[in-house]
There are 2 protein chains.
Amino acid sequence: MAERKRQLVSNELTEAALQLLASKGFDAVTIDEIATAAGVSKRTFFRYFASKEDVVVQFLAGMGADMRTELAARSPQERPSAALRHTVGVPIATCADHSDRALRVVRLILRTPALHARFLERQAQWRDDLAAELAHRLGLDPGTDLYPRLAAGMALTAFDAVLHRWSGSDGAEDPDELIDRAFAVIAPALDAV
Amino acid sequence: MAERKRQLVSNELTEAALQLLASKGFDAVTIDEIATAAGVSKRTFFRYFASKEDVVVQFLAGMGADMRTELAARSPQERPSAALRHTVGVPIATCADHSDRALRVVRLILRTPALHARFLERQAQWRDDLAAELAHRLGLDPGTDLYPRLAAGMALTAFDAVLHRWSGSDGAEDPDELIDRAFAVIAPALDAV
DNA sequence: CCTCTCGTGTCACTCGGTGTCAAGGCGCGT
DNA sequence: ACGCGCCTTGACACCGAGTGACACGAGAGG
């Protein structure tokens with residue numbers, strides 16, 4: 001029940017932050033404003049989030065783990081392109097599910113340099129995780145073989161391109177079809193003998 | 001001659017910064033320290049560099065333009081994989097030329113989250129530039145075709161993988177050979193009919 | 001009823017980054 | 001040589017992000 005209250009405060013904070021940041025711009029909003037809007041003190045804000053960027057980007061944390069478990073769960077017989085396509089499909093599906101909210105967040109991230117940088121940092125971490133999982137899956141040594149890192153990077157490049165197009169079209173284009181088109185391009189490299 | 005003095009102060013600052021940051025770590029060094037070590041005031045530091053990260057990352061600014069002009073200069077008959085391989089070769093060659101200094105800087109960037117984030121931001125900008133140039137080169141509409149962005153992203157993924165391996169091996173491995181191996185992997189996607 | 005714990009608010013502080021202004025070097029025309 | 005702008009710099013004040021220390025109050029358990 002203490003856990004419930006914690007979740008409640010956290011939601012209150014993210015809600016207030018998203019509303020303020022989207023309307024006034026990232027730099028024009030102080031943490032004091034966000035905290036006050038959520039009914040807590042600035043100090044408490046930092047007990048929930050490590051930084052101003054974190055309140056927007058935090059939800060990405062789980063996605064890395066989700067992707068890795070998805071990749072680990074897929075059949076080893078599956079070709080890399082197919083396995084990675086479904087891996088990347090996980091966060092995209094999450095976006096598509098809450099398209100209204102996700103669209104606002106994605107646009108805010110892409111338009112704000114500080115947030116974009118954090119986002120890219122996350123992606124780099126995802127790439128490391130995926131590369132490790134791929135190396136394990138294929139029995140390759142990540143220290144000598146370039147393939148795992150390259151394959152993970154290509155998959156996330158596809159993810160990024162799809163995200164850009166999706167947010168650029170205001171969610172009009174179908175994310176799933178966009179991933180398919182992107183993976184049609186990169187698959188020859190992923191599945192090369 | 002005013003220009004010369006400006007360059008001199010700038011060098012003094014970067015030199016002091018690199019030395020301090022590498023030895024004490026990014027967060028443990030204040031801008032006051034760097035400025036004092038270079039014999040100027042904190043305020044003057046910010047007249048030369050926009051942020052603490054900028055001192056380290058600034059030299060990347062020119063590389064984006066260099067790559068784009070290299071790509072623009074290459075023959076249109078050349079296949080995308082070959083053109084992009086040489087494009088990515090430009091910054092890598094710059095690294096290899098000043099390998100001692102470059103190695104220290106790269107390691108510092110990769111080990112410091114704040115610097116890494118800035119680095120990734122730069123790379124994202126490079127990708128935009130390269131994608132635009134590729135679209136122009138191939139007569140594609142970057143608004144509808146995913147290829148330019150994907151191809152640029154793949155090339156930079158290769159760049160990144162090479163950089164990691166190079167710095168991880170303390171500069172022992174030959175960067176040019178690493179690029180060749182990386183491009184051997186991604187070329188099938190780059191040159192797909 | 002006491003007490004121990006945990007979450008929170010308050011305060012003080014450091015540091016990154018910016019605006020403002022006055023002082024000083026330097027070229028330039030007279 | 002003198003005075004005139006121009007540009008660079010340093011000094012100072014200021015804001016906001018982020019952290020550490022501490023005191024307070026609520027709730028759980030004896």
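Rounded to an integer number of Å, the gap from CG of B:D27 to P of D:dT19 is 10 Å. The distance between atom CZ of B:F26 and atom P of C:dC15, rounded to the nearest whole Å, is 14 Å. Atom CG in A:D32 sits about 12 Å away from atom C1' in C:dT10, given to the nearest Å. The NZ atom of B:K52 sits 12 Å away from the C1' atom of C:dG17 (whole-angstrom rounding). Note: CZ (A:R43) to P (C:dT10) measures 13 Å, nearest angstrom. Rounded to an integer number of Å, the gap from A:I31 CD1 to C:dG9 C1' is 16 Å. What separates NZ of A:K5 from P of C:dT5 is a distance of 19 Å, to the nearest Å. Between B:F45 atom CZ and C:dT18 atom P the separation is 11 Å, expressed in whole Å.
Side chain of A:R74 to main chain of A:R79: no donor-acceptor pair is present (N/O by atom type, distance under 3.5 Å, no hydrogens or angles). In this structure, the side chain of A:S10 does not engage the main chain of A:R6 through any donor-acceptor pair within 3.5 Å.
With hydrogens and angles ignored, no donor-acceptor pair closer than 3.5 Å exists between the side chain of B:R47 and the base of C:dG17. Between the side chain of B:K42 and the base of D:dG10 there is no donor-acceptor pair of N/O atoms closer than 3.5 Å.
If you check C:dT10, C:dT18, D:dT9 against the side chain of B:T44, the one that comes closest is D:dT9.
Using a 4.0 Å cut-off between a side-chain N of Lys or Arg and a carboxylate O of Asp or Glu, A:E33 and A:K42 do not qualify as a salt bridge. A salt bridge is defined here as a Lys NZ or Arg NE, NH1 or NH2 lying under 4.0 Å from an Asp or Glu carboxylate O, and B:R101 with B:E15 meets this definition. Using a cutoff of 4.0 Å between basic side-chain nitrogens and carboxylate oxygens, A:R165 and A:D174 are not scored as salt-bridged.
Using a 4.0 Å heavy-atom distance criterion, B:F49 is classed as making no nucleic acid contact.
The aromatic rings of A:F119 and A:F159 sit tilted, their planes meeting at an angle between 30° and 60°.
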ask   = Once Watson-Crick and G-U wobble pairs under 3.5 Å are found, how is DNA chain C written in dot-bracket notation, 5' to 3', with | for any base paired to another strand?
value = ||||||||||||||||||||||||||||||
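You'll find the side chain of A:D160 reaches within 4.5 Å of the side chain of B:R127, heavy atoms only.
Sequence order on DNA chain C of the closest nucleotides to A:Y48 and B:S51 puts A:Y48 first from the 5' end.
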